[in-house]
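These notes concern the structure reproduced below.
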There are 2 protein chains.
Amino acid sequence: MLSKSTEYAIRALVFVQLRNWEQKRPGVGEIAKEIEAPEAYTAKILQTLTKNKLLDSIKGRGGGFFFNDNQSNLTLYDVIHVVEGDACFHKCGFGLKQCNNDNPCPLHENYKVVRDGFFDIVKTETVKSLSEKILHGDAVLNRLKL
Amino acid sequence: MLSKSTEYAIRALVFVQLRNWEQKRPGVGEIAKEIEAPEAYTAKILQTLTKNKLLDSIKGRGGGFFFNDNQSNLTLYDVIHVVEGDACFHKCGFGLKQCNNDNPCPLHENYKVVRDGFFDIVKTETVKSLSEKILHGDAVLNRLKL
DNA sequence: TTATAAAAGGATATCAATGTCCTTTTATAA
DNA sequence: TTATAAAAGGACATTGATATCCTTTTATAA
């Protein structure tokens with residue numbers, strides 16, 4: 001399971017993408033409200049994202065968050081990596097420090113399939129691909145369609 | 001990812017099973033050492049397991065932990081359910097409160113596959129099945145074979 | 001040029017998971 | 001019957017994730 005912070009981050013980025021497509025740069029307040037996350041906490045997460053160059057921002061009046069040209073096609077993995085680290089893609093499901101094909105825990109073979117399946121998803125899906133699903137009405141960002 | 005507590009619980013139960021097959025009832029000290037977990041914390045987890053009838057114990061001199069006849073074929077799901085709850089099998093991967101086939105988040109279809117795959121594993125694998133792999137030398141409980 | 005609106009940043013608070021310590025209860029061996 | 005060994009239980013400590021608040025910096029509109 002992803003951490004709450006990571007969930008907020010991904011939802012925030014998707015919302016920024018949708019607003020950017022409407023030629024808008026949303027601010028913290030608008031983003032937090034839309035993704036149903038606490039405002040100050042959302043601000044912190046957006047800070048992490050901009051510091052790590054996953055997102056761009058402009059300060060001051062009329063400012064807000066947006067993607068620049070280097071930041072299209074951000075994968076979910078990129079976001080997870082920056083927000084909570086990628087331990088979940090390496091860790092043994094049984095909790096062993098030393099667990100690999102040569103020295104497998106009793107869950108190793110089965111767990112690997114699931115873990116790698118998830119890795120594949122987050123390496124394939126991008127902020128843009130998720131946003132498109134919402135734009136096309138095939139998915140929702142919160143309880144209602146946008 | 002399972003919580004640390006759940007990992008300790010599963011490893012502890014597997015070790016108890018292995019020792020039971022040798023006609024022994026391990027105590028907290030022996031269990032904690034074998035699974036490389038803090039002793040007092042392991043004691044708490046074993047308490048949870050016995051209170052929830054997943055494991056039996058005998059107090060006093062010569063006492064220890066063991067499975068009784070009602071407790072064979074415990075699935076990993078049973079353990080997870082008792083130790084950390086089963087939120088991870090229901091929760092939306094994107095963090096939405098309302099997410100289902102009619103009202104899907106943009107990760108819904110893909111995430112469902114992974115989540116259900118994991119559910120299938122923990123409903124199929126049992127403390128006994130894991131223990132057998134170790135007994136047969138096909139897997140390890142810690143860094144070395146038992 | 002100044003007032004204002006917005007992100008950035010620092011300090012602190014809260015909460016749940018993890019971990020420790022000490023006392024109580026209970027069974028058995030001596 | 002008593003000393004001892006073991007689990008059970010209660011209280012507390014630590015840590016990391018989550019969350020809040022206030023100040024500083026910066027860009028723009030008036």
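This structure is a prediction, so every number in the text was calculated from the model and none was measured. Residue numbering restarts at 1 for every chain, and letters A, B, ... go by the order of the sequence lines.
Closest to the side chain of A/A40, out of D/dA8, C/dT20, D/dT20, is D/dT20. Of the candidates D/dT20, C/dT20, D/dA27, C/dT20 carries the atom nearest the B/K44 side chain, counting heavy atoms from C-beta on. Of the candidate nucleotides D/dA8, D/dG10, D/dT20, D/dT20 has the atom lying nearest to any side-chain atom of A/P38. Closest approach to the B/R61 side chain among D/dT28, C/dT28, D/dA19 is made by C/dT28 (side chain taken as heavy atoms from C-beta onward). Comparing atom distances between the A/S3 side chain and each of D/dT20, C/dG19, D/dT18 picks out D/dT18 as nearest. Minimum atom distance to the side chain of B/K51 is reached by D/dG9, of the listed D/dG9, D/dT20, C/dT26. With C/dT25, D/dA19, C/dA5 as the candidates, the nucleotide lying closest to the side chain of A/Y8 is D/dA19.
OP1 and OP2 of C/dA8 both lie 4.0 Å or more from every side-chain N or O belonging to A/Q47. Residue B/S57 places none of its side-chain N or O atoms closer than 4.0 Å to OP1 or OP2 of D/dA6. Contact annotation: B/T50 side-chain N/O to D/dA7 OP1/OP2 distance is not under 4.0 Å. The phosphate of C/dG19 has OP1 or OP2 within less than 4.0 Å of a side-chain N or O from B/K4.
We find that CD1 of B/I58 is positioned 11 Å from P of D/dA8, with the value rounded to whole Å. Straight-line distance from the CG atom of A/D56 to the P atom of C/dA8: 9 Å, rounded to whole Å. Distance, A/L49 CG to C/dA7 P: 13 Å, rounded to whole Å. Across the protein-nucleic acid pair, B/R19 atom CZ and D/dA6 atom P stand 13 Å apart, rounded to whole Å. Atom CE of A/M1 and atom P of D/dT18 are 11 Å apart (whole Å). As rounded to whole Å, 13 Å separates atom C1' of C/dT26 from atom CZ of B/F65. Residue A/E39 contributes atom CD, which lies 13 Å from atom C1' of C/dA5 at whole-angstrom precision. Atoms CD1 (A/I45) and P (D/dT18) sit 8 Å apart, rounded to a whole Å.
With a 3.5 Å ceiling on both atom-pair distances, the Watson-Crick or G-U wobble partner of D/dT14 is C/dA17. In a base pair of the Watson-Crick type (N1 to N3 plus N6-O4 or O6-N4) or a G-U wobble (N1-O2 and O6-N3), with each distance short of 3.5 Å, D/dT26 is matched with C/dA5.
Each of A/S5 and B/P26 was matched to the nucleotide of DNA chain D holding its nearest heavy atom; the match closer to the 5' end belongs to B/P26. Annotation: of the two residues near DNA chain D, A/G60 and B/G62, the 5′-most nearest-nucleotide partner is B/G62.
A chain of hydrophobic side-chain contacts below 4.5 Å, direct or via other Ile, Leu, Val, Met, Phe, Trp or Tyr residues, connects A/L135 to A/F15. Hydrophobic cluster membership is shared by B/W21 and B/V16, with clusters built from Ile, Leu, Val, Met, Phe, Trp and Tyr side chains linked at under 4.5 angstrom.
For A/F94 and A/Y111, the ring centers sit 6.0 Å or farther from each other.
Using a 4.0 Å heavy-atom distance criterion, A/G64 is classed as a sugar-phosphate-only contact. Among the protein residues, B/L46 comes within range of no part of the nucleic acid, since none of its heavy atoms lies under 4.0 Å from any strand.
The side chain to side chain contact (heavy atoms under 4.5 Å, CB included) with B/P106 is formed by just one residue from the set A/I134, A/L141, A/D138, A/V140; it is A/I134.
Ring orientation note: the planes of B/F89 and B/Y77 are tilted relative to one another, at an angle of 30° to 60°.
Comment: A/E109 does not engage B/K133 in a salt bridge, judged by the lack of any side-chain N to carboxylate O separation of less than 4.0 angstrom.
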